[in-house]
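Below: one structure, written as structure tokens.
The figures that follow rest on heavy atoms only: side chains count, while hydrogens, waters and symmetry mates do not. A, B, ... follow the sequence lines: proteins, then strands. Residue 1 opens every chain.
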Amino acid sequence: MTPAVGRLTRRSEFLRIARARRKWAAPGLILQTDRFHASSAHDADDRRVGFTVTKKVGNAVIRNRVKRRLRAVAREILPHRARGGFDFVLIGRKGTLIRPFEALKSDLVQALDRTGTLERIADTRNGNHSGSTS
RNA sequence: CCAGAUGGCCGGAUGGCCGCCGCCGCCUUCGGGCGGGGGAGGAAAGUCCGGGCUCCACGGAAACACGGUGCCGGGUAACGCCCGGCGGGGGCAACCCCAGGGAAAGUGCCACAGAAAGCAAACCGCCUGUCCGCUUCGGCGGGCGCGGCAAGGGUGAAAGGGUGCGGUAAGAGCGCACCGCGCCGCCGGUAACGGCGGUGGCAGGGUAAACCCCACCGGGAGCAAGGCCAAAUAGGGGCGGCAGCCGCGUUCGCGCGGCAGAACGGUUUCCAGUUCGCCGUCCGGGUAGGCUGCACGAGGCGUUUGGCGACAAACGCCCUAGAUGAAUGGUCAUCGACCGCCGGUUUCGGCGGGAACAGAACCCGGCUUAUAGGCCGUCUGGCUCA
RNA sequence: GACCCCAUCGUCUAGCCAGGUCUAGGACGUCAGCCUUUCACGCUGAAAACACGGGUUCGAAUCCCGUUGGGGUCG
């Protein structure tokens with residue numbers, strides 16, 4: 001069972017996560033994260049993700065491609081390797097476009113580890129089942 | 001074959017795995033699931049023009065502003081776009097480029113240089129009359145002249161037609177020929193304009209992407225327009241100043257209604273209309289929630305007919321993206337136009353990289369800008385062969 | 001997405017809207033020299049810009065068109 005990953009769409013939520021100052025920059029991406037506010041509407045095990053690609057990265061075509069690669073890597077990693085109860089913001093960089101996909105995935109795992117949001121159970125399950133991804 | 005001109009089209013392909021957003025059908029424990037079908041561009045871009053659509057002004061009218069366009073005719077819903085022609089310029093040519101109305105309605109400007117820059121004028125100079133000096137008697141030099149001239153020199157971007165011949169004291173449209181220009185007439189053309197003939201000795205420098213004049217066009221804002229629903233709430237509040245008249249209520253602070261008054265279109269005037277106590281100052285609160293607008297339209301494709309063409313008409317077929325932190329993809333493999341390096345240097349072989357510009361946001365018609373490479377057609381010039 | 005505005009030395013600006021001695025002026029800053037035992041202050045001097053590409057004009061920072069880069073507003 002893979003838990004669902006919600007999307008962040010409100011500007012105020014992005015600003016809140018940026019204020020938390022819990023972030024780590026990898027060569028392919030930057031991760032910002034924060035424990036989301038306890039409200040009755042959300043389960044404690046939920047996790048949500050948003051994407052930010054600024055105009056500095058490139059024109060609209062490049063920004064779209066960067067965002068799509070970030071979405072693809074988040075879809076593969078976040079559901080079973082990120083801790084529940086957190087919001088994540090992935091920020092695209094100039095290197096996101098040309099970085100190999102496997103390296104981008106390990107960048108995200110490393111960023112989760114450095115921000116203390118890597119799921120420990122998923123870590124052992126990864127070692128048991130598939131050693132090809134690392 | 002080489003060089004060039006021009007018009008149109010394409011602008012990565014195939015497959016595996018995993019995904020995203022609408023639409024239709026079925027099932028559903030209303031969370032969703034299954035199946036089918038669809039899903040970026042020639043510029044989607046810049047937002048430079050023209051429209052549709054929506055709201056405001058809404059009825060209007062006139063004048064004045066303001067902005068835009070600018071040879072002629074046609075096409076179009078419309079245009080500053082397109083087509084055909086005219087004129088000017090460039091090219092051997094195909095062909096390309098041109099904001100291309102008016103400078104004898106008026107105003108302004110033309111720095112520096114130059115005598116003079118717009119009423120024309122005369123610095124050097126040329127010629128001449130007269131006086132003086134010299135003389136080899138041909139002349140030379142100097143002064144004076146409200147004497148003549150504008151050919152030559154010089155300045156300038158530009159100096160009041162150009163070239164040649166005649167003419168003259170020297171010269172000059174002074175005369176003549178050709179060219180240019182103005183005016184008149186005739187002919188051709190729908191017109192711009194062109195041709196021919198006559199006539200005038202030349203008047204009228206340039207600049208209108210300077211003001212301007214003439215002709216024509218234009219009400220303003222924009223889908224964050226606008227409508228519906230939900231939430232919130234106030235008809236926001238405080239302070240200071242000014243508040244005409246009447247009626248009602250009054251807790252005597254004031255409140256409500258009417259008249260008056262004020263505000264509102266680019267300006268003014270007139271009626272009509274809408275809104276509202278007015279002015280100044282300070283303090284707040286809330287909001288980028290949902291649905292709709294929103295995908296059948298000046299729509300696309302094909303054939304025929306009319307037209308030089310832009311395009312139009314008729315008939316037939318088709319439905320073709322609708323997201324909203326914003327879908328239309330991620331990844332792997334194979335093929336690959338093309339590029340670089342090396343060996344060979346005609347063919348070819350090896351290695352490495354690998355598709356240009358670029359992403360709909362209410363929708364159309366244009367323009368402009370960016371764009372690796374490739375395909376097809378037409379035409380021009382040159383060379384070779386038959 | 002729509003609608004507007006701006007661009008001049010390293011920085012802030014004048015000149016633009018009546019085109020010409022504009023080779024673009026000023027202030028702060030920078031550099032060099034003088035002054036001072038030295039530094040500062042002061043004095044003298046120098047370097048340094050019209051965003052880019054076309055057009056109009058004899059002549060463009062100025063007028064017109066296009067491009068690029070910044071900035072602002074929206075209920």
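- For the P atoms, the distance from B/A45 to B/C278 is 46 Å, rounded to whole Å.
- The distance from atom CG of A/L70 to atom C1' of B/G330 is 11 Å, rounded to the nearest whole Å.
- Nucleotides B/G60 and B/G52 have their C1' atoms positioned 27 Å apart, rounded to a whole Å.
- Taking the C1' atoms as reference points, B/G237 lies 30 Å from B/C229, given to the whole Å.
- Searching all strands for a Watson-Crick or G-U wobble partner of B/U378 with both distances below 3.5 Å returns B/A5.
- Remark: B/G302 base-pairs with B/C315; criterion is Watson-Crick or G-U wobble with both hydrogen-bond distances under 3.5 Å.
- Between the C1' atoms of C/G10 and B/G280, the separation comes to 46 Å (whole Å).
- Pairing for B/A209 is absent, with no Watson-Crick or G-U wobble pair whose two atom distances lie under 3.5 Å.
- Straight-line distance from the CZ atom of A/R69 to the P atom of B/G329: 15 Å, rounded to whole Å.
- A glycosidic torsion no more than 90° from 0 defines the syn conformation; B/U369 lies beyond that range and is anti.
- For C/G19, there is no paired base (Watson-Crick or G-U wobble, both distances below 3.5 Å).
- Taking syn as a glycosidic angle within 90° of 0, B/G22 qualifies as syn.
- Of all nucleotides present, only B/C21 satisfies the Watson-Crick or G-U wobble test against B/G38, with each distance under 3.5 Å.
- A syn base is found at B/G42: its glycosidic angle is within 90° of 0.
- Taken from CD1 in A/I91 to OG1 in A/T96, the straight-line distance is 10.5 Å, to the nearest 0.5 Å.
- Going from the P atom of B/G382 to that of B/U69 covers 45 Å, rounded to whole Å.
- Only the P atoms considered, B/C301 is 25 Å distant from B/C81, to the nearest whole Å.
- Following rounding to the nearest Å, A/E102 (CD) and B/A333 (P) show an atom-to-atom distance of 11 Å.
- In this structure, B/C55 forms a base pair with B/G220, meeting either the Watson-Crick or the G-U wobble geometry with both donor-acceptor distances under 3.5 Å.
- Not one side-chain nitrogen or oxygen of A/R71 sits closer than 4.0 Å to the OP1 or OP2 atom of B/G325.
- In terms of position on RNA chain B, the residue among A/G50 and A/E76 whose nearest nucleotide sits closer to the 5' end is A/G50.
- Both distances falling under 3.5 Å, in either a Watson-Crick or a G-U wobble arrangement, occur for no nucleotide opposite C/U36.
- In the hydrophobic cluster analysis, where Ile, Leu, Val, Met, Phe, Trp and Tyr join through side-chain heavy atoms closer than 4.5 angstrom, A/W24 is grouped apart from A/I17.
- Results of the side chain to side chain contact (heavy atoms under 4.5 Å, CB included) test with A/F88 over A/T115, A/L108, A/L112 single out A/L112 as the only residue that passes.
- In this structure, CD1 of A/I77 is placed 17 Å from P of B/C18, rounded to the nearest angstrom.
- Separating the CG atom of A/N59 from the P atom of B/U369 is a distance of 20 Å, rounded to the nearest angstrom.
- Interatomic distance, CG of A/L31 versus CG of A/L78, reported as 8.0 Å (0.5 Å rounding).
- Within the 4.0 angstrom heavy-atom criterion, no nucleotide atom of any strand lies near A/R63.
- In textbook terms, a nucleotide whose glycosidic angle is within 90° of 0 is syn, and B/G31 is one such case.
- The shortest non-hydrogen separation linking A/R22 to A/F86 is NH1-CE2, 3.2 Å.
- Distance noted for atom P between B/A43 and B/C82: 14 Å (whole Å).
- Residue-to-nucleotide proximity on RNA chain B shows that, of A/R99 and A/V61, the 5′-proximal contact is made by A/R99.
- A/D107 and A/R99 are joined by a salt bridge, as a carboxylate oxygen and a charged side-chain nitrogen come within less than 4.0 angstrom of each other.
- The gap from the P atom of B/C55 to that of B/G226 amounts to 9 Å, rounded to the nearest Å.
- For the pair A/I30 and A/R93, the tightest heavy-atom approach, listed with the atom from each and the gap, is CG1-CD, 3.9 Å.
- Across the protein-nucleic acid pair, A/F51 atom CZ and B/G19 atom P stand 16 Å apart, rounded to whole Å.
- Taking atom CG of A/L104 as the reference point, atom P of B/G330 lies 13 Å away to the nearest angstrom.
- Taking the O4'-C1'-N9-C4 or O4'-C1'-N1-C2 dihedral as appropriate, B/G25 has a value more than 90° from 0 and is therefore anti.
- In terms of hydrophobic clustering, with Ile, Leu, Val, Met, Phe, Trp and Tyr side chains grouped at heavy-atom distances under 4.5 Å, A/L70 and A/V61 are assigned to different clusters.
- For A/R75, no side-chain nitrogen or oxygen approaches OP1 or OP2 of B/G330 to under 4.0 Å.
- Nucleotide B/C134: paired with B/G139 (Watson-Crick or G-U wobble, both distances less than 3.5 Å).
- Computed from coordinates, the A/I62 CD1 to B/A356 P distance equals 11 Å when rounded to whole Å.
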